[in-house]
Amino acid sequence: MEAAARTLFVHANTVRYRLRRITELTGHDPTTPRGGLALQLALILGRQAGH
């Protein structure tokens, strides 16, 4: 979390909050392999569809 926060120039709690909100909104936990993959695929397919 801390490394990601430094890379994004935000506080580590901000990263935790955003990951929690992603889970709440999508039902997929980006911190798990299955959830992360599902979200990555959704982003890729959304971009290809022009959204």
Side-chain angles (χ1 to χ4, degrees):
M1 293 296 166
E2 287 75 19
R6 281 192 301 275
T7 301
L8 296 169
F9 301 104
V10 297
H11 195 275
N13 287 340
T14 301
V15 175
R16 288 182 188 94
Y17 169 76
R18 289 177 183 177
L19 290 171
R20 189 170 51 250
R21 282 294 290 157
I22 290 168
T23 302
E24 291 171 3
L25 292 171
T26 66
H28 296 284
D29 184 355
T31 64
T32 65
R34 184 177 293 231
L37 177 61
L39 292 167
Q40 283 182 341
L41 289 173
L43 287 170
I44 291 167
L45 292 173
R47 288 180 185 142
Q48 288 182 347
H51 297 259

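What you see is a predicted model; the values in this text were computed from it and never measured.
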Calculate, to the nearest 0.5 Å, the distance between atoms CG and OG1 belonging to Leu39 and Thr26 respectively. 4.5 Å
Say you draw a straight line from CZ of Arg34 to CG of Leu37; how long is it, rounded to the nearest 0.5 Å? 9.0 Å
Testing the basics here: between Glu2 and Ala12, what is the closest heavy-atom pair and its distance to 0.1 Å? OE2-CB, 4.2 Å
According to a 4.5 Å side-chain heavy-atom criterion applied to Ile, Leu, Val, Met, Phe, Trp and Tyr, with indirect links allowed, do Val10 and Leu19 form part of one hydrophobic cluster? yes
Nearest non-hydrogen partners of Asp29 and Thr23, listed with the distance: CA-OG1, 3.5 Å
